[in-house]
Q: 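Please read through the structure below; I'll follow up with questions.
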Amino acid sequence: MTSTDLTGRTAIVTGASRGIGLAIAQQLAAAGANVVLTSRTQENADAAAAQVGGNALGVAAHAAEDVAAQRCIDTALDRFGRVDILVNNAGTNPAFGPLIEQDHARFAKIFDVNLWAPLLWTSLAVKAWMGEHGGAIVNTSSVGGMHVAPNLGLYNASKAALIHVTKQLALELSPRIRVNAICPGVVRTRLAEALWKDYEQVLSASTALGRIGEPVDVAGAVAFLVSDAASWITGETLVVDGGQLLGDAQAFRTATG
């Protein structure tokens, strides 16, 4: 079972109107999957589905709203008859700054979207289809969940928790359902814009592979993890960062050159 062909399978990708989520949807559709994309508004969801083409369907659904999530699962089943793949990609970061400067509202929002939503969608997908038929789930975490960094404490904490939850779910849902996580580094997205827009040259020089990430870099990793080529992989966290976690590549080359 080494195929990356997803023909006949149905995938739901949350937070898929742009950036990494849209690239994932496009990659899964290119591999043959039916794809249901979510966004907060129907207009954005429809626009994203139009960019994907093929058997793509846009559904308005705020990731952390139970009723909207259930409606999306039901819509996918009504339209395509199955839900084989779930990519919990929706994320947010309204809490920039030191931890002690954050309030409960921002804490609740970031953990609702980044941690509770993946649990919610996983629960609904398992109970609606995957529990009986099997499936593959990928959670979008972040390299931030693996280290500490200034001003990103709450976001990183939510992503660290998601890594742990991924491992827990992998055991709880085995053997029929595989659950893995991806940890992107700095990628050219609107959510991460503050991290790269004014620093891309310096960041690229300090990255082992010489550039920041593009959404398609992450999408390829997800397409692999949900395919049969990854049929013996579960509970894992795949870092997709061009070597950013390795340290400052430019300084290393200077010191060893």
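Side chains included, hydrogens not; waters and symmetry mates left out as well; all remaining heavy atoms used.
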Q: A quick test of your reading: do over 12 heavy atoms of other residues, nucleotides or ligands sit less than 6.0 Å from NE2 of H147?
A: yes
Q: Taking CD in E43 as the centre, count heavy atoms belonging to other residues, nucleotides or ligands within less than 6.0 Å. Is the count above 12?
A: no
Q: Treating S123 as the side-chain partner and L119 as the backbone partner, does any N or O pair qualify as donor plus acceptor under 3.5 Å?
A: no
Q: Is the shortest side-chain heavy-atom distance between V87 and L28 below 4.5 Å?
A: yes
Q: Can you give each donor-acceptor pair under 3.5 Å made by side-chain atoms of residues 248-257, sequence neighbours left out, with the distance rounded to 0.1 Å?
A:
residue	atom	partner	partner atom	Å
D248	OD1	Q250	N	3.0
D248	OD1	A251	N	3.1
R253	NH2	A208	O	3.1
T254	OG1	Q250	O	2.9
T256	OG1	F252	O	2.8

Q: Does S142 reach the main-chain N or O of C183 with its side chain, forming a donor-acceptor pair under 3.5 Å?
A: no
Q: In Å, rounded to the nearest 0.5 Å, how long is the span from CD of E214 to CD1 of I20?
A: 10.5 Å
Q: Distance only, no hydrogens: is a donor on one side chain within 3.5 Å (strictly under) of an acceptor on the other, for N114 and S158?
A: yes
Q: Residues sharing I163's hydrophobic cluster, by side-chain heavy-atom contacts under 4.5 Å among ILVMFWY, directly or via others?
A: V143, M146, V239, L245
Q: Hey, can you pull the donor-acceptor pairs under 3.5 Å for the side chains in residues 30-40, sequence neighbours left out?
A:
residue	atom	partner	partner atom	Å
N34	OD1	N55	ND2	3.1
N34	ND2	T10	OG1	3.2
T38	OG1	G15	N	3.0

Q: Would you tell me whether S141 and N139 have side-chain atoms, one donor and one acceptor, within less than 3.5 Å of each other?
A: no
Q: Mind checking the OG1-CZ spacing from T92 to F111? Nearest 0.5 Å is all I need.
A: 12.5 Å
Q: With a sphere of 6.0 Å drawn around NE2 of H133, does it hold more than 12 non-hydrogen atoms of other residues, nucleotides or ligands?
A: yes
Q: Salt bridge between R188 and D217, side-chain N to carboxylate O under 4.0 Å?
A: no
Q: Salt bridge or not between D74 and R71? Use side-chain N to carboxylate O under 4.0 Å.
A: no
Q: Do the non-hydrogen side-chain atoms of V222 and Q27 ever get within less than 4.5 Å of each other?
A: no
Q: Donor-acceptor pair, S204 side chain versus Q201 backbone, under 3.5 Å?
A: no
Q: With a 4.5 Å cut-off on side-chain heavy-atom distances among I, L, V, M, F, W and Y, is there a chain of contacts connecting M130 to L77?
A: yes
Q: Look at the side-chain heavy atoms of Ile, Leu, Val, Met, Phe, Trp and Tyr, link any pair under 4.5 Å apart, and say whether I233 and V226 land in one connected group.
A: yes
Q: Identify the heavy atoms of A219 and A23 that sit nearest to each other, and give their distance.
A: CB-O, 3.4 Å
Q: How close do G21 and V13 get, heavy atom to heavy atom, and via which atoms?
A: O-CG1, 3.7 Å
Q: Measuring from atom CG of N88 to atom OG1 of T122, what distance do you get when rounded to the nearest 0.5 angstrom?
A: 4.5 Å
Q: At what distance, to the nearest 0.5 angstrom, does NE2 of H104 lie from NZ of K109?
A: 14.5 Å
Q: Against I12, only a single residue in D84, I137, I73 fulfils side-chain contact (heavy atoms from CB on, under 4.5 Å); can you say which?
A: I73
Q: Over all heavy atoms of both residues, which pair between L22 and S17 is shortest? Give the atoms and the distance, please.
A: CD2-O, 3.9 Å
Q: Check whether D103 reaches the backbone of R106 with its side chain - one donor and one acceptor, N or O, closer than 3.5 Å.
A: yes
Q: Indicate the atoms forming the closest heavy-atom contact of A16 with A48, along with that distance.
A: O-CB, 3.6 Å
Q: Please say yes or no: joined through hydrophobic side-chain contacts below 4.5 Å, possibly via intermediate residues, are L209 and V218 part of one cluster?
A: no
Q: After noting the C-alpha distance and the side-chain angles of N156 and V148, does the key distance pass the side chain to side chain contact (heavy atoms under 4.5 Å, CB included) rule?
A: CA-CA 7 Å; N156 289 352; V148 295; 5.8 Å; no
Q: What pair of heavy atoms forms the shortest contact from G58 to D46, and how long is it?
A: O-OD1, 3.9 Å
Q: Is the backbone N or O of A90 less than 3.5 Å from a side-chain atom of T14, with the two atoms forming a donor-acceptor pair by type?
A: yes
Q: Quick check against the 3.5 Å criterion: does R178 have a side-chain atom that pairs as donor or acceptor with the backbone of L225?
A: yes
Q: Please check: side-chain N/O of R82 versus main-chain N/O of W129, any donor-acceptor pairing under 3.5 Å?
A: no
Q: Rounded to the nearest 0.5 Å, what's the gap from CD on E236 to OG1 on T166? Could you check?
A: 10.5 Å
Q: Distance from L246 atom CG to Q244 atom CD, nearest 0.5 Å?
A: 9.5 Å
Q: Work out which heavy atom in T4 is nearest to a heavy atom in A229; give both atom names and the distance.
A: CG2-CB, 3.9 Å
Q: Under a 4.5 Å side-chain heavy-atom rule over Ile, Leu, Val, Met, Phe, Trp and Tyr, are I182 and V113 clustered together?
A: no
Q: Kindly determine whether N180 and L238 satisfy side chain to side chain contact (heavy atoms under 4.5 Å, CB included), including the steps that lead there.
A: CA-CA 8 Å; N180 292 290; L238 178 58; over 6 Å; no
Q: Would a 4.5 Å heavy-atom cut-off, applied to side chains only, mark T234 and S174 as touching?
A: no
Q: Can you confirm whether F224 sits close enough to V138 that some side-chain heavy atom of one is under 4.5 Å from a side-chain heavy atom of the other?
A: no
Q: Considering only heavy atoms from C-beta outward, does the side chain of I212 approach that of T207 to under 4.5 Å?
A: no
